[in-house]
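Structure first, then comments.
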There are 2 protein chains.
Amino acid sequence: MKAKRQPAREASSGKSAGATKKGIETRARIIRGAREALENDGIEALTTRKIAASANVRLATLHYYFDSKETILLAVLEGMIADMATSYHTAPLAADPEDRIAELLRLIWYYIGETRNRQIAQIELTLYALRTRGAEWLAERQYGAYIDFYSQMILNDPAISQEERERIGKAVARFMLIGIDGLILQTFALHDEEVAKESVEALIVATRGYLRRLLQKEQVR
Amino acid sequence: MKAKRQPAREASSGKSAGATKKGIETRARIIRGAREALENDGIEALTTRKIAASANVRLATLHYYFDSKETILLAVLEGMIADMATSYHTAPLAADPEDRIAELLRLIWYYIGETRNRQIAQIELTLYALRTRGAEWLAERQYGAYIDFYSQMILNDPAISQEERERIGKAVARFMLIGIDGLILQTFALHDEEVAKESVEALIVATRGYLRRLLQKEQVR
DNA sequence: GTCTATAGCATGATAGAC
DNA sequence: GTCTATCATGCTATAGAC
């Protein structure tokens, strides 16, 4: 709540603590506990006491590992970024990029449905990072990571030059990500499974179309 | 922070206060102050004292008009929903629905760029409502209001039956809204104006395509 | 590295004068 | 309807024993 402190450049840690094996473990447990508490109660109701309880750690231990509540929150976001790629490692495998888009979007959609509160928590954290002076780069990195990952999943056709592949892949990835984020908010607000499913299919068609258009432009050059 | 209180069914007010002219004015000032404080500092840092200061009202006055901080927050969201329609009343006018989509999306995009913090605050509040037991309906109503509004903006072709017009219009509106929300998050995270502009155009093409497809299906029947 | 204990202050909310 | 004053509690963070 206090604003006197200067923002943490490094979200990872505040102290040099956590070098030993047990230390690393405890640090991880704190982050996990914070994430769970955040998922359960939302950022507005999150307190260090809840984090400690959720991590099964005494209150003072939090501050041995982290400078402040802010540092913990940013570390949770960092953890989510790191976890992201591993979540989908049962990856789609279709040969055609357009089919991969469809598979990927349906897979993501399934995962989102299973992790509602985590999705909400992640958006809360993104907004928190955007608000926190000195932490905007974290939100940027989060999106960068998602875009890189999706991009690589969609386009790996060696017939296209590396440069163009990356340009187009990232554009499609950004488009996909826009749809996914918007879909999360809308689905949880409307809670109409039927309508959500329709939107996913519409998003698939749109993303495919966008990819096709970008590739066609490429041909014409 | 306490959870003992039972949730407010009505977000509008908590007490019967605010019947007089001055009372209504003060109530409005509190809501406006709360919104401004929220826009400036984010929900995580929002306190009743900040709200009071921002509304130029003493702390106790807040509680004369509202049962709790929660009630104030939900009232702010309600206010945003009410303001929504008026924001775009300089409405697009093209005759062709597809052109209206383009105009509308570019207009919305401009407005969003001018009100960055308000957009973030609104998403924060939506998530807060989704978290708050008994207030989920507010998030739903918010989306319903947006969808109704966009729907009506896009489709008013009398050549189509009322029922179909509404079905298609709402589907397109939902699609647009997904794009807009996703775009808000991504743009503020990446803060790349160039890339954002591209995404808006991609979204326009996609939304037009979606409308066209829905209308074609309609023809075939 | 983790604990107990507590400092020191901010918080949401209320009592009661005017 | 708005104020001053204050309560009870919860908050983040720290000191210091083990």
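Keep in mind the model is a prediction, meaning the values are calculated, not measured. Side chains included, hydrogens not; waters and symmetry mates left out as well; all remaining heavy atoms used. Chain letters run A, B, ... following the sequence lines, proteins first and then strands; every chain starts at 1.
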Look at [X] and [N] and indicate whether a side-chain polar atom (N or O) is within less than 4.0 Å of OP1 or OP2.
X	N	result
B:Thr26	D:dT2	yes
A:Thr47	D:dC11	yes
B:Tyr65	D:dT2	yes
B:Ser68	C:dG12	no
A:Lys69	D:dT12	yes

Look for any protein N or O under 3.5 Å of an N or O in nucleotides 3-6 of chain D and output each such pair with its distance, or none.
from	atom 1	to	atom 2	distance (Å)
D:dC3	OP2	B:Arg58	N	3.2
D:dC3	OP2	B:Thr61	OG1	3.0

Expressed as a whole number of angstroms, how long is the span from [X]:[atom1] to [N]:[atom2]?
X	N	atom1	atom2	value
A:Asp41	D:dC11	CG	P	11 Å
B:His63	C:dG12	NE2	P	8 Å
B:Lys50	C:dT11	NZ	P	7 Å
A:Glu70	D:dC11	CD	P	18 Å
B:Ile24	D:dG1	CD1	P	9 Å
B:Arg29	D:dT2	CZ	C1'	11 Å
B:Tyr64	D:dT2	OH	P	8 Å
A:Leu62	C:dA5	CG	P	18 Å

With sequence neighbours left out, the residues meeting side chain to side chain contact (heavy atoms under 4.5 Å, CB included) with A:Ala94 are A:Asp99, A:Arg100, A:Glu103
Is a salt bridge present between A:Lys21 and A:Glu25, judged by a nitrogen-to-oxygen distance below 4.0 Å?
no
Exercise for review: Run the salt-bridge test on A:Glu193 and A:Lys197 with the 4.0 Å N-O cut-off and return the result as yes or no.
Suggested key: no
Quick one: do B:Arg174 and A:Asp192 satisfy salt bridge (charged side-chain N to carboxylate O under 4.0 Å, His left out)? Show the steps, please. CA-CA 12 Å; B:Arg174 281 194 303 265; A:Asp192 183 328; over 6 Å; no
### Query
Taking side chain as C-beta onward, heavy atoms only, is A:Met176 less than 4.5 Å from A:Ile154?
yes
Just how far is it from atom CD of A:Glu124 to atom CD of B:Glu44, taken to the nearest 0.5 Å?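 A:Glu124 atom CD to B:Glu44 atom CD measures 10.5 Å (nearest 0.5 Å).
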Side-chain contact check for A:Lys22: nearest option of D:dA13, C:dT2, D:dT2 is C:dT2
Original post:
Quick one: which of B:Thr47, B:Thr48, B:Leu62 gives a side-chain contact (heavy atoms from CB on, under 4.5 Å) with B:Lys69?
Top reply: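 Exactly one option meets the side-chain contact (heavy atoms from CB on, under 4.5 Å) with B:Lys69, and it is B:Thr48.
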